[in-house]
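Read through the structure below, which is laid out as structure tokens, and then see the notes.
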Amino acid sequence: MLERCRHCPSQLAHPLRWRRLAYDAWEIELRCPDCRETWQERVPTEAVKRLDTVLKTARAELERHLEEIERIDLEERISGFVSALGTDAILPEDFGRPPVP
Ligand SMILES: [Zn+2]
């Protein structure tokens, strides 16, 4: 569970650097975004692969959240525009050519 911080309860630790020491040994430098501690660990390849999967899953989840936020924002803008149209707050002149100087 490399994503677990060694200094606080956070589970958001992420790698800063990793390098292979041997066939099945990696040195990985991790950082916690919550307490800002950094530390190093020596782990087998399996642990590095597992962390990679955890990071990819977290990234996909973050992207889904972002898409959802963008969708909600767009819906709010559309409904704001529609209600402005309904109350004649937006007129054809709003889309007219800019005034000639
Ligand atoms: Zn921490």
Side-chain angles (χ1 to χ4, degrees):
M1 302 290 272
L2 289 171
E3 70 276 17
R4 260 195 202 149
C5 180
R6 302 299 181 255
H7 305 275
C8 80
S10 178
Q11 294 195 23
L12 298 171
H14 58 85
L16 291 175
R17 272 179 279 276
W18 45 25
R19 74 188 173 105
R20 197 169 207 159
L21 300 171
Y23 175 69
D24 193 28
W26 293 77
E27 186 178 78
I28 183 165
E29 187 179 346
L30 294 144
R31 179 182 182 273
C32 172
D34 292 322
C35 69
R36 296 176 184 179
E37 288 283 345
T38 58
W39 65 97
Q40 286 187 348
E41 300 214 13
R42 289 189 177 198
V43 292
T45 301
E46 196 52 47
V48 175
K49 280 186 184 168
R50 205 198 137 273
L51 179 61
D52 196 42
T53 305
V54 168
L55 293 171
K56 278 180 184 155
T57 307
R59 185 189 171 93
E61 196 176 325
L62 211 59
E63 284 172 353
R64 274 198 304 277
H65 282 299
L66 193 61
E67 281 169 15
E68 181 67 6
I69 288 167
E70 284 172 348
R71 189 185 60 75
I72 291 168
D73 182 53
L74 189 64
E75 280 176 5
E76 282 172 359
R77 285 190 206 197
I78 290 169
S79 79
F81 185 72
V82 167
S83 60
L85 280 176
T87 58
D88 287 336
I90 296 173
L91 301 167
E93 297 88 272
D94 294 327
F95 301 95
R97 276 180 246 149
V100 179

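Worth knowing before you read on, the calculation uses all heavy atoms, side chains too, and leaves out hydrogens, waters and symmetry mates. Numbering of ligands and ligand atoms starts at 1, following listing order.
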Any Lys/Arg nitrogen of R59 or E63 sitting under 4.0 Å from an Asp/Glu carboxylate oxygen of the other?
-> yes

Is a side-chain donor-acceptor pair under 3.5 Å present for W39 with E41?
-> yes

Would you indicate whether R71, at its atom CZ, is surrounded by more than 12 heavy atoms from other residues, nucleotides or ligands within a distance under 6.0 Å?
-> yes

About how many Å separate CG of L2 and CH2 of W26, when rounded to the nearest 0.5 Å?
-> 12.5 Å

Does the side chain of R36 come within less than 4.5 Å of R31's, by heavy atoms?
-> yes

Flag side-chain contact, heavy atom, 4.5 Å: T45 against Y23 | no

Enumerate the protein N/O/S atoms at a distance below 2.8 Å from the Zn ion (ligand 1), ignoring waters.
-> C5 SG, C8 SG, C32 SG, C35 SG

